[in-house]
Amino acid sequence: MERARVSRRALLYGGAGIAAGATTLAMVRLFGPRARGAAGSALAPPARGAPFCGSAASAAPAAVSPPRAPLHPDALTPFVDALPIPRVLAPAGRRPHPTIAGREISHYRVEMREATIRVHRDVPPTRMWTYEGAMPGPTIEARSGEPISIEWVNALPERHLLPIDHTLHGAGADLADARAVVHVHGARVPPESDGYPEQWIAPGGSIVAQYPNEQDAAMLWYHDHAMGLERLNQYAGLLGSFIVRDAAEDALDLPRGDREIPLVLCDRLFFADGQLHYPVSEDPRAPWVEDVFGDAPLVNGKLRPYVEVQPGAYRLRVVNASNARIYALEMSDGRTIHQIGTDQGLLASPVACDRVTLAPAERADIVVDFSDAAGSALVLRSGAIPLLQFRVARAAAAPRRALPRRLRTIAPLSPEGAVTTRTLTLDAYHDPAHDRMLMLLGGKYWHDPVTERPVLGTIEIWQFVNRTEDTHPIHLHLVRFQILDRQVFDVDEYNTSGKMIPIGDRVRPEPGEAGWKDTVRVEPGMITRIIARFDGYVGRYVWHCHLLEHAANEMMRPFDVVAPA
Ligand code: C2O
Ligand code: CU
């Protein structure tokens with residue numbers, strides 16, 4: 001059963017061996033079914049998961065209505081819709097600068113509302129929850145060092161679009177259905193503007209958040225973060241891009257204007273009538289499922305769109321906004337992808353690669369050169385799954401401009417400078433109360449007292465010890481970090497004696513991860529070490545797994561940045 005589940009997952013990543021590099025699959029073979037749920041004698045084996053990818057039969061409580069027919073995206077003609085480019089949001093007005101007298105900042109207003117979105121020419125319109133009527137929402141463009149403020153307005157309908165699980169922490173039936181709060185992923189903001197999960201607003205309410213933008217150029221993204229609902233709210237469509245620019249990046253003369261294209265990737269399941277299908281468990285009172293994969297890959301909200309390009313270099317700003325899917329991006333003709341940036345901005349220098357791995361919430365800044373491809377059609381795909389077609393014009397190629405060899409200086413944070421190393425386990429349990437999987441960070445629930453309390457301005461190492469069988473993308477709010485290394489360890493030994501016995505060498509991050517990150521793939525059976533300086537603000541933030549189903553069921557913890565004594 002467990003073995004089957006693993007290979008099924010690997011297949012959906014787009015083929016064997018590419019889930020997260022060969023290491024992951026090797027680990028699966030090494031530790032196999034023992035790894036999960038074996039953390040201590042009290043732990044029963046994991047519950048049986050929900051029907052994978054939600055067959056039609058699993059869609060609705062059987063007694064209520066007949067099953068709704070699923071949409072079969074692979075039966076639709078691909079590449080018939082043009083790739084939508086989200087509009088850049090215009091300010092609603094000016095506001096006084098928060099700290100500098102006599103200066104003003106741009107103020108924005110973003111409304112969350114239900115809208116109908118056409119995902120494909122041959123699919124009926126889909127009801128979604130959106131920012132400003134679009135999925136993805138409008139792109140927010142900011143300049144480093146120039147603060148902005150945004151009023152987030154909850155104008156959603158009272159009833160939720162998707163099935164809420166009231167047994168999850170913070171999702172009680174006594175609360176408003178359409179709770180929402182916005183987090184700008186990767187932004188360094190004061191705690192009160194960070195979108196703390198419990199700071200949600202109900203329909204009719206609004207909240208004004210301040211974004212200082214005191215950080216380097218990077219592609220961030222904004223999405224819902226409401227306690228117990230974020231997986232549903234994001235699946236329903238509440239996500240968009242937030243791009244920070246700065247002078248250092250401008251000076252590099254990278255492809256820009258219509259040669260710079262944001263690509264927001266997310267997968268969904270649909271019913272044949274065009275409506276979103278969010279799979280549920282067999283228990284109507286506890287519909288949570290442990291992960292959700294769609295068979296319909298959307299790029300900027302369209303199912304397999306096309307984009308017309310000129311023979312020349314394009315900068316693609318890619319964010320994986322999926323609930324659970326990991327992408328292995330490659331070009332159909334095998335052409336080189338030049339990765340120039342990661343989550344928190346540019347790498348030190350471009351990395352030439354055949355394939356770019358992207359777990360949920362990770363970003364990749366890539367340059368693809370179509371100079372030699374005039375008149376042809378190329379496809380960006382994830383393993384065997386086609387995502388987006390590039391139609392290269394039959395025009396003369398502009399003179400090829402080489403990418404700069406140096407993009408920026410990234411000073412490594414030295415482990416010697418760290419004041420502490422925190423060991424944080426990732427464990428899977430069987431939750432007997434609802435007969436389902438439960439995953440915890442450091443063996444703690446969301447509501448347990450705060451255990452991670454870094455001092456403002458200090459450097460810490462966090463080592464994640466993954467005793468489960470899954471890759472978990474772990475995200476810390478507020479800070480950017482560097483990946484130190486990953487190392488296989490003896491899971492069985494750890495589970496029986498508590499001794500952490502590493503096997504083999506510490507492996508440095510892949511070249512495409514060797515920059516500033518805010519989300520790290522924590523691989524099964526491995527110790528993953530990151531290093532961060534807790535700069536910014538004092539206050540309460542969160543860290544969590546960015547597989548949204550996991551985060552909603554306790555795989556999320558608060559942390560406090562505290563003032564120096
Ligand atoms: Cu992408 Cu806690 O967020
Ligand atoms: Cu997880």
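Position 1 is the first residue of the sequence; numbering continues from there. Indexing begins at 1, ligand by ligand and atom by atom, following the structure's order.
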Ion pair present between R521 and D470, side-chain N to carboxylate O less than 4.0 angstrom?
no
Is D246 salt-bridged to R143, going by a charged N under 4.0 Å from an acidic O?
no
Quick check on the Cu ion (ligand 2): does H546 put an N/O/S atom closer than 2.8 Å to it?
no
Given a threshold of 2.8 Å, state how many protein N/O/S atoms are nearer than that to atom 2 (Cu) of ligand 1.
3
Taking just the N, O or S atoms of H472, which one is nearest to the Cu ion (ligand 2)?
ND1
Can a cation-pi geometry be assigned to R557 and W543, taking NZ or CZ under 6.0 Å from the six-membered ring centre and within 45° of the ring axis?
no
Pairing of R245 and E260 as salt bridge, 4.0 angstrom limit:
yes
So, R486 and E513, do they make that salt bridge, N to O below 4.0 Å?
yes
Do the side chains of D518 and R480 get close enough for a salt bridge, i.e. N-O under 4.0 angstrom?
no
Closest to the Cu ion (ligand 2), which N/O/S atom of H550 is it?
ND1
Residues at least two apart in sequence or cross-chain that pass ring-ring contact (aromatic ring centres under 6.0 Å, His included) with F242, listed by chain then number, are Y211
